[in-house]
Amino acid sequence: MISWLMNKSPSDPGVFTAMDPDDIEELAMELQGKTVGGWDLVQLAAGTGFAAYVMWAGVLMPGFRRVPLKLQVPYVPSSAKQVENVMLLLKGRSGKMVDLGSGDGRIVLEAHKQGFRPAVGYELNPWLLRLSNYRAWRAGLYGKVFYQRQDLWKVNLSDCNNVSVFLAPSVLPLLETKLLAELPDEARVVAGRFPFPTWMPTTSVGEGINRSWAYDIKTVRQTGQNKPEGCPE
């Protein structure tokens with residue numbers, strides 16, 4: 001049974017109510033390690049209007065049908081500490097800020113609050129985009145932050161000064177090449193959870209899973225990091 005997926009009404013213990021989106025994010029994480037049967041999904045659908053979001057984000061993963069296998073990235077929500085560390089590494093900076101694979105939009109929201117304009121998230125999963133917009137509305141920032149349903153591999157980043165990424169290690173080598181080809185010299189990239197494999201960070205903050213690394217693109221280029229094979233020294 002999957003009755004633990006629903007909240008009981010405090011006024012009537014026999015009534016189940018829709019779960020808060022924050023609770024659903026935790027649920028999505030739990031579902032990745034559980035077997036969910038047909039009757040379980042029926043119960044889930046009855047208990048929350050975000051059932052499709054949970055199924056897609058927690059079980060199917062975002063954008064799997066539109067992105068090649070080697071470029072797929074599972075959705076794992078950022079913790080409050082991880083968001084805080086990203087902002088620490090971008091402290092004192094300004095201009096456009098983009099989050100590649102923005103998930104539920106929390107980094108974009110915080111970037112806007114810290115003065116970045118515009119703050120943009122790129123995400124393929126339509127249910128996560130809806131959740132992001134709901135979060136923006138709840139924070140009074142709907143229409144002030146921007147979430148776009150675009151493949152991060154096809155987005156032109158040439159006008160971005162600040163970039164955050166919380167992506168799987170398997171895609172970071174390819175992302176290094178894309179970022180070096182498109183970002184301006186003054187750009188800074190912040191990676192959370194996993195560092196870029198061949199770049200040397202300018203600085204880092206945090207420990208364990210909350211650790212984040214900052215990379216200044218001009219420095220990466222000057223030191224010849226991620227130089228394509230066959231490129232002259």
Side-chain angles (χ1 to χ4, degrees), residues 62-63 67 71-79 81-125 128-129 132 136 144-206 210-223 225-226:
V67 179
L71 301 182
Q72 292 175 6
V73 179
Y75 165 60
V76 180
S78 303
S79 69
K81 189 62 178 178
Q82 289 169 343
V83 175
E84 177 185 343
N85 287 341
V86 169
M87 293 302 113
L88 282 174
L89 293 174
L90 294 176
K91 187 175 181 180
R93 297 178 60 83
S94 60
K96 184 176 182 179
M97 193 275 185
V98 301
D99 187 25
L100 301 178
S102 55
D104 61 17
R106 64 184 68 192
I107 290 178
V108 175
L109 282 178
E110 187 60 30
H112 180 89
K113 294 175 183 177
Q114 297 298 325
F116 291 95
R117 302 289 190 276
V120 183
Y122 294 109
E123 174 60 55
L124 272 180
N125 189 314
L128 289 176
L129 287 171
S132 297
K144 297 180 180 179
V145 294
F146 306 95
Y147 301 105
Q148 299 182 16
R149 190 182 183 190
Q150 293 191 44
D151 184 344
L152 66 87
W153 301 103
K154 298 178 181 179
V155 172
N156 188 327
L157 302 173
S158 60
D159 64 341
C160 300
N161 291 329
N162 309 281
V163 178
S164 64
V165 295
F166 279 74
L167 300 177
S170 59
V171 305
L172 293 180
L174 289 172
L175 188 59
E176 285 183 335
T177 301
K178 175 179 174 62
L179 295 176
L180 274 181
E182 297 180 11
L183 290 177
D185 275 349
E186 60 270 21
R188 168 168 281 199
V189 180
V190 176
R193 298 197 188 100
F194 304 102
F196 283 100
T198 70
W199 293 0
M200 290 295 295
T202 302
T203 186
S204 65
V205 64
N210 290 323
R211 191 174 182 184
S212 294
W213 297 261
Y215 304 87
D216 293 320
I217 292 299
K218 184 176 182 179
T219 300
V220 174
R221 288 187 176 126
Q222 288 176 339
T223 55
Q225 300 171 48
N226 194 248

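Note that the structure is a prediction, hence the values are computed from the model and not measured.
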Atom pair [atom1]/[atom2] of [X] and [Y] - distance to nearest 0.5 Å:
X	Y	atom1	atom2	answer
L175	L157	CG	CG	8.0 Å
M97	L90	CE	CG	5.5 Å
D104	N125	CG	CG	11.0 Å
F194	S170	CZ	OG	9.5 Å
S212	Q82	OG	CD	6.5 Å

List in chain and number order the residues that pass side chain to side chain contact (heavy atoms under 4.5 Å, CB included) with P197, two or more places apart in sequence or in another chain; answer none if no residue qualifies.
L172, P173, E176

Does any N or O in the side chain of [X] come within less than 3.5 Å of the main-chain N or O of [Y], such that one atom is a donor and the other an acceptor?
X	Y	value
R188	L89	yes
K178	V155	yes
Q148	Y122	no
Y147	G105	yes
N85	N210	yes
N162	S94	yes

So, for [X] and [Y], which heavy atoms are closest and what is the spacing to 0.1 Å?
X	Y	result
L109	A136	CD2-CA, 3.8 Å
A111	A119	CB-CB, 4.2 Å
H112	R117	O-NH1, 2.7 Å
W213	P201	CD1-CG, 3.9 Å
R221	D185	NH1-OD1, 2.7 Å
C160	V98	SG-CG1, 3.6 Å

Y215: which residues meet the ring-ring contact (aromatic ring centres under 6.0 Å, His included) condition with it, sequence neighbours left out?
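F196, W199.
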
Which pairs pass salt bridge (Lys or Arg N to Asp or Glu O under 4.0 Å) with one or both residues in residues 89-99, sequence neighbours excluded?
K96-D159

Tell me every residue that passes side-chain hydrogen bond (donor to acceptor under 3.5 Å, both in side chains) with [X], counting only those two or more places apart in sequence or in another chain.
X	answer
T202	D216
S204	R211
K218	none

Passing option when F166 is tested against I107, L100, V76 for side-chain contact (heavy atoms from CB on, under 4.5 Å):
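For F166, the side-chain contact (heavy atoms from CB on, under 4.5 Å) test succeeds with only one of I107, L100, V76, which is I107.
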
